[in-house]
Amino acid sequence: MQLHVADHPLIRHKVTVLRDKRTPSPTFRLLVDELVTLLAYEATRHVRVTECDVETPLTSTTGTKIADPAPLIVPILRAGLGMLDGMTRLIPSAEVGFLGLKRDEETLEAITYANRLPDDLTGRQVFLIDPMLATGGSLVAAIEYALERGATDVTCVCLLAAPEGIEHVRVSLGDRADVKVVVAQVDERLNEMGYIVPGLGDAGDRLYGIVDL
Ligand code: PRP
Ligand code: URA
């Protein structure tokens with residue numbers, strides 16, 4: 001696993017506003033969208049491209065276009081949905097798969113409630129997006145779904161990560177796959193409830209409101 005931590009003052013500034021408990025949902029959603037755009041610059045550094053011809057008003061020249069098969073972007077529901085528009089804006093030709101994972105807040109295990117991934121991901125670049133990498137259980141489950149469908153090129157884009165979660169992903173993958181994880185910031189630790197500290201709270205709730213009664 002390769003870890004890339006973004007180190008940019010704009011990213012640090014925007015993450016600070018995200019962390020603030022007074023930041024309302026509309027601002028939170030806007031910031032998540034802006035942050036994914038900044039992170040995507042690094043995450044897509046090795047997106048597959050191919051040469052193409054282009055006619056400028058002056059001449060013809062050789063350009064670059066995203067190669068086939070198109071990359072697959074997979075938001076991990078719910079909170080990953082907040083990052084989807086930013087990613088598809090940058091790679092409009094990408095296709096989108098969906099994974100619905102819900103962390104059981106007692107056991108902290110990821111439970112799958114939706115899976116709309118293509119059966120065959122051979123040769124596809126896969127971008128998994130989820131703002132929070134806490135214990136790492138959800139991200140490992142999502143990576144496993146991609147690997148078992150034949151993906152060999154998986155990049156995960158997260159906003160905040162706990163050191164424990166990063167280690168869990170690293171140990172779970174071993175040398176089975178060279179997965180890249182791009183994060184805005186690595187926080188101090190997990191608390192006893194499995195929340196990232198200092199963190200930003202429950203990303204899904206802050207984006208979309210509380211659904212569990
Ligand atoms: C959050 C988050 C990740 C997961 C991280 O989702 O968006 O998917 O928790 O925790 P982990 O690393 O310990 O698995 P949650 O399960 O709360 O669902 P939600 O997005 O619907 O709120
Ligand atoms: N999921 C979240 O949304 N936040 C955390 O801190 C941990 C898991």
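Atoms within a ligand are numbered from 1 in the order they appear, just like the ligands themselves.
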- Message: Walk me through whether R124 and R149 qualify under side-chain contact (heavy atoms from CB on, under 4.5 Å).
- Response: CA-CA 10 Å; R124 299 289 293 272; R149 285 165 173 71; over 6 Å; no

Of all the non-hydrogen atoms in the protein, which one sits nearest to [atom], and at what distance?
atom: atom 16 (O) of ligand 1; result: R103 N, 2.7 Å
atom: atom 14 (O) of ligand 1; result: S138 OG, 2.6 Å
atom: atom 18 (O) of ligand 1; result: L101 O, 3.9 Å

Examine [X] against ligand 1 and note whether any of their N/O atoms are separated by less than 3.5 Å.
X: A79; answer: yes
X: P131; answer: no
X: R78; answer: yes
X: G194; answer: no

- Output yes when a protein non-hydrogen atom is found under 4.0 Å of atom 5 (C) of ligand 1, and no otherwise. yes

- Is atom 10 (O) of ligand 1 in close reach of the protein, with a heavy atom under 4.0 Å away? yes

- M83 pairs by side chain to side chain contact (heavy atoms under 4.5 Å, CB included) with which of L207, I76, V36? V36

- Message: Applying a heavy-atom cut-off of 4.0 Å, say which part of A134 lies close to ligand 1: side chain, backbone, both or neither.
- Response: both

- Using a 4.0 Å heavy-atom threshold (strictly under), name the region of T135 that reaches ligand 1: side chain, backbone, both or neither. both

- Query: Numbering the atoms of ligand 1 from 1, which are under 4.0 Å from a heavy atom of G204?
  - Reply: 22 (O)

- Near M132 (heavy-atom distance under 4.0 Å), the atoms of ligand 1 are 2 (C), 3 (C), 5 (C)

- Considering non-hydrogen atoms only, spot the tightest contact between G123 and P69 and give its length. O-CG, 3.6 Å

- Roughly how far, to the nearest 0.5 Å, is the CG atom of D178 from the OG1 atom of T155? 9.5 Å

- From L30 atom CG to T23 atom OG1, the distance as rounded to the nearest 0.5 Å: 11.5 Å

- Stepwise side-chain contact (heavy atoms from CB on, under 4.5 Å) check, Y41 with L90: CA-CA 9 Å; Y41 185 73; L90 285 177; over 6 Å; no

- Message: Using modelled atom types and a 3.5 Å cut-off, is there a donor and acceptor pairing between side-chain atoms of R206 and backbone atoms of L18?
- Response: yes

- Item | Expected output: side-chain Q125 to main-chain H46 donor-acceptor under 3.5 Å | yes

- Item | Worked check of side-chain contact (heavy atoms from CB on, under 4.5 Å) between R176 and E144 | CA-CA 10 Å; R176 284 186 299 140; E144 294 290 0; 2.6 Å; yes

- Message: With a sphere of 6.0 Å drawn around CD of E148, does it hold more than 12 non-hydrogen atoms of other residues, nucleotides or ligands?
- Response: yes

- Message: Surrounding CD of E51 (heavy atoms of other residues, nucleotides or ligands, distance under 6.0 Å), is the total greater than 12?
- Response: no

- Considering only NZ, NE, NH1 and NH2 on the basic side and carboxylate oxygens on the acidic side, decide whether R12 and D7 come within less than 4.0 Å. yes

- Identify whether the distance between the nearest side-chain nitrogen and carboxylate oxygen of R78 and D205 falls below 4.0 Å. yes

- Query: Got the residues with a heavy atom under 4.0 Å of ligand 2, by chain and number?
  - Reply: R103, M132, A134, G194, Y195, I196, G201, D202, A203

- Task: Examine ligand 1 and decide if any of its atoms is less than 4.0 Å from a heavy atom belonging to G136.
- Result: yes

- Item | Selection from L207, I129, L139, D130 by shortest heavy-atom distance to atom 3 (C) of ligand 1 | D130

